[in-house]
Amino acid sequence: MPVRRRRDIWDVAIVGGGIAGLVGALQASARGLSTVLVEAALPGGLVATVNVLEDWPSAAPESGAGLAARLAAQARLEDVSIIESRVDALLALGAGDARFELQLPGRRLRARSVLCASGARLAPLGLPGEERFHGRGWSQCAWCDGTFFRDHDVVVVGGGDSALQQALVLAPLVRSVTVAVRGQLRARHARIERASGQPNLRFAWNTVVRGLVGVDALEAVQLEQIDDGTRTELPCSGLFPFVGLLPATGWLPDTVMRDERGHVATDRDGRSSLPGLHAVGAARSGGSGDLVGAAGDAAGAIAALAQELQR
Ligand SMILES: Cc1cc2nc3c(=O)[nH]c(=O)nc-3n(C[C@H](O)[C@H](O)[C@H](O)COP(=O)(O)OP(=O)(O)OC[C@H]3O[C@@H](n4cnc5c(N)ncnc54)[C@H](O)[C@@H]3O)c2cc1C
């Protein structure tokens, strides 16, 4: 097991402090590797605003922020250095002790290996003029913005886990939630069950949002029934789109192989096409899309990285 604790050249530099990055940091430190984690926002990533996590082993219901805070505190105790900053770019320096340089605003870090745990961000709907409604009805955080829609009608778009999780946060606050679903529901069974039991939540099946209506703020959405192309206008004050994720991998060199959507292509141990760079969680191609999978990826990748660093 390596016993180096050099901090001028880190054994492992982790980009992203979501659950994959935090678990990776704990695993790396436990293996005696000097570890730095760089996180652009608050630790927690996509689940930072999730009030109750599903399918995460814990004795009692736990929030995403709570879990992230616990893992970050534990990582600091384990001698992980956590830097609050964005990573703008990664340079591969080639062979030698410091194979990588991470470029942060006003600062550079050198490392022997890099774990890409930069995850993903929620995709917009891609409708013309969508940005005009940001903060004026359009939101992707029910927990942060839900109370602004108290006693109003809102629309959630998407049939996955995140859409239903957010719809369930909104339902007790608002007058009605319409969940517009294009195809099948893909959410966890528990969330579907709970959503189906909400009296003010209804599903609009085979439905896509085609337009947003409003002058100063959102007043309605134009819905299209996929089967027959029928269009209707549904009055609402809030729109919460959860229609997929865009990988946050723009800071990596273009030469790193990615899939068609931008996720890093890896082998089973998270190895990318660039030696010394591993990718895990929502940033890697073929990730499981859940927390347990992201944590498992990170543990596996760090075990492989530790072996490579010993050679
Ligand atoms: C609303 C919602 C609810 C969900 N609920 C559950 C659930 O209950 N149970 C479950 O198992 N899964 C759930 N998921 C899925 C889960 O969120 C993901 O599987 C998991 O977050 C992936 O973790 P990650 O660490 O790979 O990436 P992320 O969570 O995306 O974390 C990546 C981190 O990297 C940081 N970052 C990105 N780019 C940079 C950069 N250039 N420099 C520095 N930092 C950077 C980001 O700020 C972020 O904090 C949910 C997802 C959503 C959207």
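Each ligand, and each atom within it, is numbered from 1 in the order the structure gives. For this chain, numbers begin at 1 and follow the sequence in order.
- A donor atom on one side chain and an acceptor atom on the other are not found under 3.5 Å apart for Gln140 and Asp145.
- Ring planes of His152 and Phe149: perpendicular class, angle over 60° (limits at 30 and 60°).
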Show me, pair by pair, the donor-acceptor contacts under 3.5 angstrom made by side chains of residues 64-77, not counting sequence neighbours?
| from | atom 1 | to | atom 2 | distance (Å) |
| --- | --- | --- | --- | --- |
| Arg70 | NE | Glu62 | OE2 | 3.1 |
| Arg70 | NH2 | Glu62 | OE1 | 3.3 |
| Arg70 | NH2 | Glu62 | OE2 | 3.2 |

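- Across Ala20, Ala282, Gly45, Ala120, heavy-atom proximity to atom 30 (O) of ligand 1 is greatest for Ala120.
- Residue contacts with ligand 1: Arg284 is excluded, as none of its non-hydrogen atoms falls under 4.0 Å.
- With a heavy-atom cut-off of 4.0 Å, Pro43 does not touch ligand 1 at all.
- In this structure, of Leu252, Leu22, Val47, the residue bringing a heavy atom nearest to atom 16 (C) of ligand 1 is Val47.
- Neither side chain, Trp10 nor Thr35, offers a donor N or O lying under 3.5 Å from an acceptor on the other.
- Below 3.5 Å of separation, one finds no N or O of Phe242 facing any N or O of ligand 1.
- Each of the following atoms of ligand 1 lies closer than 4.0 Å to a heavy atom of Leu53: 8 (O).
- Counting only heavy atoms from C-beta outward, the side chains of Leu164 and Phe203 approach each other to under 4.5 Å.
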Quiz: residues 205-216 side-chain donor-acceptor pairs under 3.5 angstrom, not counting sequence neighbours:
| from | atom 1 | to | atom 2 | distance (Å) |
| --- | --- | --- | --- | --- |
| Thr207 | OG1 | Ala204 | O | 3.3 |
| Thr207 | OG1 | Trp205 | O | 2.6 |
| Arg210 | NE | Glu224 | OE1 | 2.9 |

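- Only the side chain of Val15 comes within 4.0 Å of ligand 1, judged by heavy-atom distances.
- Side-chain atoms of Ser285 and His263 include no donor-acceptor pair closer than 3.5 Å.
- Nearest to atom 53 (C) of ligand 1 by heavy-atom distance, out of Ser162, Ser288, Cys141, is Ser162.
- With a 4.0 Å heavy-atom cut-off, ligand 1 is reached by the side chain of Gln165 but not by its N, CA, C or O.
- Residue contacts with ligand 1 include Ser85, since one or more of its heavy atoms lies under 4.0 Å from the ligand.
- No side-chain donor-acceptor contact under 3.5 Å links Asn51 and Ser63.
- Ligand 1 has at least one atom lying under 4.0 Å from a heavy atom of Trp251.
- Ionic pairing of Arg112 and Asp11 is present here: one or more N-O contacts between side-chain nitrogen and carboxylate oxygen are shorter than 4.0 angstrom.
- Of all the heavy atoms of Ile19, the ones lying under 4.0 Å from any atom of ligand 1 belong exclusively to the backbone.
- Within the structure, the closest approach of Ala283 to ligand 1 does not fall below 4.0 Å when heavy atoms are considered.
- Residue contacts with ligand 1, taken as heavy atom pairs separated by less than 4.0 Å, involve Gln166 solely via side-chain atoms from C-beta onward.
- Residue Gly119 holds the heavy atom nearest to atom 27 (O) of ligand 1 of all those in Gly119, Ala248, Ala68, Gly16.
- Taking the side chain as every heavy atom from C-beta outward, Arg182 and Ile226 approach each other to under 4.5 Å.
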